[in-house]
Structures are given as C-alpha cells and as structure tokens.
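Letters A, B, ... are given to chains in the order of the sequence lines, protein chains preceding strands, and every chain is numbered from 1. The analysis underlying the following values was restricted to heavy atoms, covering all of them including side chains, and did not include hydrogens, waters or symmetry mates.
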Amino acid sequence: MSILILAEHEGGEIRPATLNVVAAAKAIGGDISLLVAGLNASSVAEAAAKIDGVAKVLHCDDAAYEHELAENLSALVVSIAEGYSHILFAATAAGKNVMPRVAALLDVSGISDITDVVSEDTFIRPIYAGNAMATVKSADKVKVVGVRTTAFDAVADSGGSAGVETVAAVAANDQVSFVGQELSKSDRPELTSAEIVISGGRGMQSGDNFVMIDEIAAKLNAAVGASRAAVDAGFVPNEYQVGQTGKVVAPNLYIAVGISGAIQHLAGMKDSKVIVAINKDEEAPIFQVADYGLVADLFDALPELSKALDG
Amino acid sequence: MKILVGVKRVLDYNVKARVKADKSGIELANVKMSMNPFDEIAVEEALRLKEAGHAEEVVVLSIGQTQSQETIRTGLAMGADRGILIETDDLLEPLAIAKLFKHVVEKESPGMVVLGKQAIDDDSNQTAQMLSALTGMSQATFASKVEVDGDHLNVTREVDAGLETIRVKSPAVISTDLRLNEPRYAKLPNIMKAKKKPLEVIAVADTGVDVSSGLSVVEVNEPPEREAGVIVGNVAELVDKLRNEAKVI
C-alpha cells in the first residue's frame, strides 16, 4: 500500500496536525509520501523529510499554493494521485476544505474525521456529535480520508531521512483569489494541540470576565477555549469554540468553567484525559463526564484557583 | 440571480441520538426531526441576499424521504419561493448528494448554491466542496460573511486561526458557518402561505444519477462511557487532586 498525505504548514513550519496524520498512516501501514505545496517552502519540504515514518516528500513550489486555496490544492493532489491506495488529510479547517474535492474528482466517497483504523479499508468515525461511532468500510479504489488529529498520537518530527522530489504545479484556478486574513493573536498554545485547555461558557457572563480564564491559562501554559454559547453571546471569537461545530480537543487536562455541558460541547472535549468541571449548578450535565467536579460560583472559584496555582 | 439552498431533515439537535439495538444505525422512529441548523442559516442567507436585491428567486432542495417535504415547507415558510424534493428512502453518501445537486444545478442554473457546512447527523462536512469540484462552481466554505460585488463574491471564512477572506467568481457554492446570520422564525401567516407554494417531487431513479457508493456502514456502536468522577469540596482539594492524583499540573 502507498499513502499520500497533504502536509499542512504555515510560517515556514509544518503544522502539528500533520504529525498526527502520519501516525494514522502508520496505523494503516504502507509507504508514506508527504506532499508539501507552497510558495518558497523548501525549508518545509526539508523538515517534512525528517518526520518519522515518511518515505518520500513531494515538493511543489508555486504561487498557486501560497494560501491553501481548495481549488488549487485539490487539482494538485489529483494530478499525482495515481498509484496511491490512500490519500489522507488532517480534519482541520484547511484539510476539510480540500479532502471532499479530491474525493469527488476521483469519484470516490470521502471518509471524514476518522478516529481509529480497523484495517486498511475499515475505519471508525464519530457521527451525531460523537454520540455514536460508525464503523465504515470502503470498497473504493482509493480511500480518501480525513483524520481527526486528536485521535492519533503525533509521530516525532525527527529521525526520518526521506528523499525530496519536485512535482510540477497545476495551472492556478482564475476564479478564486486570496484577499486577506485576520488571525487572532495569542501568546497561548494552539487550542487543538495544547496539553491543557481551560474553557469558559455562558456562565462567564461577559467577554471581560475571560480575563480570569486567561490568568489561569497563563499559569498553566494552557490554551483558552469556549462553548458555543459563549461564542454566540459574543464573549469570545469563534476560533475559541470547542464542540461539534467548532474544534475537537483532547488535552491531558480540560477545565470547563461555567459550561453546562450540552452534547454539542461534549462532542468536542469528552476524549480529554482528565476533565474538570466548575459550575454552580450541580445538575449540569458536564458533571457526568467530569473526573473532578467542583460545585461552586466561578466568580469565587477562579480567583481562588489562580491563587492556589501560585503556591 | 437564482439561489439554490440545500436543506436536510435530521434528528433535532436537542434530542440525544440512540443507537439501534441491532447496531445498524440510529433510532429515528418517533423522534423529533428538524431542519439541519446550518441549513437554516443557509436559507436565511439566501433570503437576505434576495431582500437586498441580489437575487430574484430562492429555491430549496432536499434529498430524502417523503417527510423531507416538511423540511422544505419550513424553508418556504421562512420565505423561499419554491421547493424540490428528490425522494429516496436510502441514506445517501455526500458524493451521491453532490451528484444529485449537480443534476439540479444543470437544470436550474443558479448563480449561487448555499449549503450548511455540515449536517449534524453524519457530521461529514463534504457536500459543498464536492458540488464545487463536480460543477466547477467556485468554492467558499465555512462562510461568516458574504458580500456580493458584481459577478464576484467576497467571502469571509472561519479558519482554525481566525478569519480569512477570499474573492470568488460567480457562480459559487457557499457553505455556512454559525456566525453568518441568525435565522428568522417562520410566522404563522407565512406557514399558511408556504402550503400553497410549489413543491416538485422527483424520484431519484428519474434523475438518471448514479447514487451508488463505495462506502458501507458495517455497524454503529455507542461511544465508550467515561467512568464516573468525584465531586471535590473546594479549590484546594481540586488542585491537590490534579497535582498528586491525576498528575496533570
């Protein structure tokens, strides 16, 4: 078997998600090739060659790939797809944008968000916000798969010594262009790869009160997240959202503050190793998944917690 | 311009999904079904574009069982002009759904197709991207803002690190994210009016579209349960447990 992975990178570095996808590829088994497409991305291709388990890096350098436009990336992937038994993508915003196009262009089903590999053609994926796990089997000639990154432990980004080959670019699509981006600036670790995540919900009452969360996050080197309710209420931007329709996280420690625990939120965090819930409503469903529950007013508990972490 | 909107009938988002005893899927008999929440946002966006003078007609398309007519009527009650149901009892994969949408796109020639970014039942997040790939229409997924600028659209998209804006030429396929808009509720007189709006029903077989799939569901299981935790008495005890028992801080 031969597996192609679309590597993700930004700012000259491989995104951590790609290391999780390589882990999924290793679970499937076979030769692993990594496609690095970008502009002036030679250093990324070199870094990709060092990733544990990668046999070959395919490097395509062209302005068409500077901004992860789905039309251009999917056309490139399809142009080199011949001969691969599997094509894998991270189930990130960027990966989800491209994977289904590749599947459609190859006339095969896409397999979204797998959390486990049963065999080379059989995978497990959550459905209904993770309230059920579907085992799906593909008879397609090539399996086009999105990988839920939190479900596979990242491989090492060193130790490999793959060869780097250059591949030709495909003519850029002239119907779409990148205009700009507004990325949220944060000193905190990235939400989906952080070891500790602390999230606030509607109980925070305002965006200003998230300072209390930020303070604790700084002390724990944690990422800050939020429930959809907190995002809908405008307390924090959407990229903080953890849940079925936001990001899926599985850190070592997840602290849910003022979050009731709707199934849509649980879908995004219930695979965390240790879950702490702080909520004043002892009936809140979040306590059913929490390892440690603290029934308390968060406006008392957060300052206390912050102080206790100094000790 | 005509706008085509996809609406899917799914288990209501407030109802907890239960796995069937024979593991063949989810229990959908005698449970509340509703329009997929992202599709409500899609209908709303199409209606706002029409109200702003960018479109003349909003057509809602659903693919599913005969009861999906109710979902289409909901879209019509919100203000869409007419509906199309492609009827099937089978649970189709996104690829088949995208091919059926393409079939309708070829007949209706919409300037824009608006779809929810994912359905909350199978959580696939594929159909919009596939439809764009199959038709050559421009792709703008996870939209949080759509601006019409002549024959182009400026679309702000929700990406993992924040927001990104792309410019796409029409015709385009848009998929909606949560913050695009807040869908309206259908008012009673409009619900009555919706009953008289045209709704065409087509059988899948009559479309001539190949809806076969290489993907099959082997079984569906309950997710692993988490073991019950403990309630701690105070913050000091919590910090102690995290440091010395769980060893996570």
So A:L253 and B:I249, side chain to side chain contact (heavy atoms under 4.5 Å, CB included) or not? Walk me through it. CA-CA 8 Å; A:L253 173 61; B:I249 60 171; 3.4 Å; yes
Give the intermediate values and the outcome of side chain to side chain contact (heavy atoms under 4.5 Å, CB included) for residues B:E93 and A:V108. CA-CA 10 Å; B:E93 281 290 314; A:V108 298; over 6 Å; no
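With a 4.5 Å cut-off on non-hydrogen atoms, A:I196 touches chain B through its side chain but not through its backbone. Both the backbone and the side chain of A:V274 come within less than 4.5 Å of a heavy atom in chain B. Neither the backbone nor the side chain of A:A296 comes within contact range of chain B; no heavy atoms are under 4.5 Å apart. Looking at B:E219, both its backbone and its side chain come within 4.5 Å of chain A, counting heavy atoms on both sides. Using a 4.5 Å cut-off between heavy atoms, A:K137 contacts chain B through both its backbone and its side chain. Looking at B:R167, the atoms closer than 4.5 Å to chain A (heavy atoms on both sides) sit in the backbone and in the side chain alike. The parts of B:L215 that come within reach of chain A are both its backbone and its side chain, each placing non-hydrogen atoms under 4.5 angstrom from that chain. Only the side chain of B:K99 has a heavy atom closer than 4.5 Å to any heavy atom of chain A. A:I111 touches chain B through backbone and side chain together, each having a heavy atom under 4.5 Å away. Proximity to chain B (any heavy atom under 4.5 Å) is shown, for A:L183, by both the backbone and the side chain. With a threshold of 4.5 angstrom between heavy atoms, A:E190 does not approach chain B through any atom at all. Residue contact with chain B, scored on non-hydrogen atoms closer than 4.5 Å, involves the side chain of A:V276 exclusively. Using a 4.5 Å cut-off between heavy atoms, A:K273 contacts chain B through its backbone alone, with no side-chain atom that close. Using a 4.5 Å cut-off between heavy atoms, B:L238 contacts chain A through its side chain alone, with no backbone atom that close. With a 4.5 Å cut-off on non-hydrogen atoms, B:A98 does not touch chain A at all. For A:I124, no part sits under 4.5 Å from any heavy atom of chain B, backbone or side chain. For B:V239, the part sitting under 4.5 Å from any heavy atom of chain A is the side chain, from C-beta outward, and nothing else. Using a 4.5 Å cut-off between heavy atoms, B:R157 touches chain A through its side chain atoms alone. A:S74 does not touch chain B: none of its heavy atoms, backbone or side chain, sits under 4.5 Å away. Heavy atoms closer than 4.5 Å to chain B are found in the side chain of A:E71, but not in its backbone. Both the backbone and the side chain of B:V217 come within contact range of chain A, with heavy atoms under 4.5 Å apart. Neither the backbone nor the side chain of A:N221 comes within less than 4.5 Å of any heavy atom in chain B. Interface remark: B:L95 contributes side-chain atoms only to the contact with chain A (heavy atom separation under 4.5 Å). If you measure heavy-atom distances from A:L220 to chain B, the contacts under 4.5 Å come from the side chain alone.
Between A:R101 and B:Q129, the shortest heavy-atom contact is CG-O, 3.5 Å. Across all non-hydrogen atoms, the minimal contact from A:P100 to B:M130 is O-CG, 3.2 Å. Nearest heavy-atom pair across A:M133 and B:P223 is CG-CA, 3.8 Å. Nearest heavy-atom pair across B:G214 and A:S109 is N-OG, 4.1 Å.
Across A:N252, A:V98, A:I278, A:V289, the residue that shares the most heavy-atom pairs under 4.5 angstrom with chain B is A:V289. When each of B:R243, B:K23, B:E225 is checked for heavy-atom pairs under 4.5 Å with chain A, B:R243 comes out on top. The choice from B:E222, B:E182, B:E158 that makes the most heavy-atom pairs within less than 4.5 Å of chain A is B:E158. Top candidate by heavy-atom pairs under 4.5 Å with chain B, chosen from A:S184, A:A222, A:A70, is A:S184. With chain A as the partner, the residue from B:L11, B:D123, B:V168 showing the most heavy-atom pairs under 4.5 Å is B:D123. For the set B:G229, B:P94, B:S138, B:A161, the entry with the most heavy-atom pairs within less than 4.5 Å of chain A is B:A161. Heavy-atom pairs under 4.5 Å with chain A peak, among B:K117, B:E164, B:Q118, at B:E164. Taking chain B as the reference chain and counting heavy-atom pairs below 4.5 Å, the highest number among A:L305, A:L294, A:L309, A:I263 is found for A:L294. Here A:Q264 is the residue among A:E195, A:K307, A:Q264, A:Q288 with the most heavy-atom pairs under 4.5 Å with chain B. Counting heavy-atom pairs closer than 4.5 Å to chain B, the top residue among A:E182, A:K143, A:E68, A:Q181 is A:E182. Between chain A and the options B:L163, B:N14, B:T156, B:L242, the largest number of non-hydrogen pairs under 4.5 Å is found for B:L163.
Between the side chain of B:K16 and the backbone N or O of A:N131, no donor-acceptor pair lies under 3.5 Å. B:D160 contributes a side-chain N or O that, together with a main-chain N or O of A:A93, makes up a donor-acceptor pair within less than 3.5 Å. Checking side-chain atoms of B:R226 against main-chain N and O of A:K270 turns up a donor-acceptor pair under 3.5 Å.
At a threshold of 4.5 Å between non-hydrogen side-chain atoms, the residues A:S177 and B:H152 do not count as touching. For the pair A:Y128 and B:D121, the minimum side-chain heavy-atom distance is below 4.5 Å. Considering only heavy atoms from C-beta on, B:Y13 stays 4.5 Å or farther from A:Q244 through its side chain. Within the 4.5 Å cutoff, the side chain of A:N97 has heavy atoms near those of the B:Q139 side chain. Inter-residue side-chain proximity for B:V220 and A:I127 is flagged as met; some heavy-atom pair is nearer than 4.5 Å. Counting heavy atoms from C-beta outward, A:L69 and B:I166 have side chains that approach closer than 4.5 Å. Using a 4.5 Å cut-off on side-chain heavy atoms (C-beta onward), B:R179 and A:V231 make contact.
One finds the CD1 atom of B:I120 at 9.5 Å from the OG1 atom of A:T245 (value rounded to the nearest 0.5 Å). Taking CG of B:N125 as the reference point, atom CE of A:M99 lies at 8.0 Å (rounded to 0.5 Å). Expressed to the nearest 0.5 Å, how far CG of B:N234 lies from CG of A:D300 amounts to 12.5 Å. The structure places CG of A:D113 at 9.0 Å from OG of B:S124, a figure rounded to the nearest 0.5 Å.
More than 12 non-hydrogen atoms from other residues, nucleotides or ligands lie less than 6.0 angstrom from CD1 of B:I231. Within a 6.0 Å radius of NZ in A:K219, other residues, nucleotides and ligands contribute more than 12 heavy atoms.
The interface of residues 234-243 of chain A with chain B, defined by heavy-atom distances below 4.5 Å, comprises A:P237, A:N238, A:E239, A:Q241. Scanning residues 26-41 of chain B against chain A with a 4.5 Å heavy-atom cutoff picks out B:I26, B:L28, B:F38, ordered by number.
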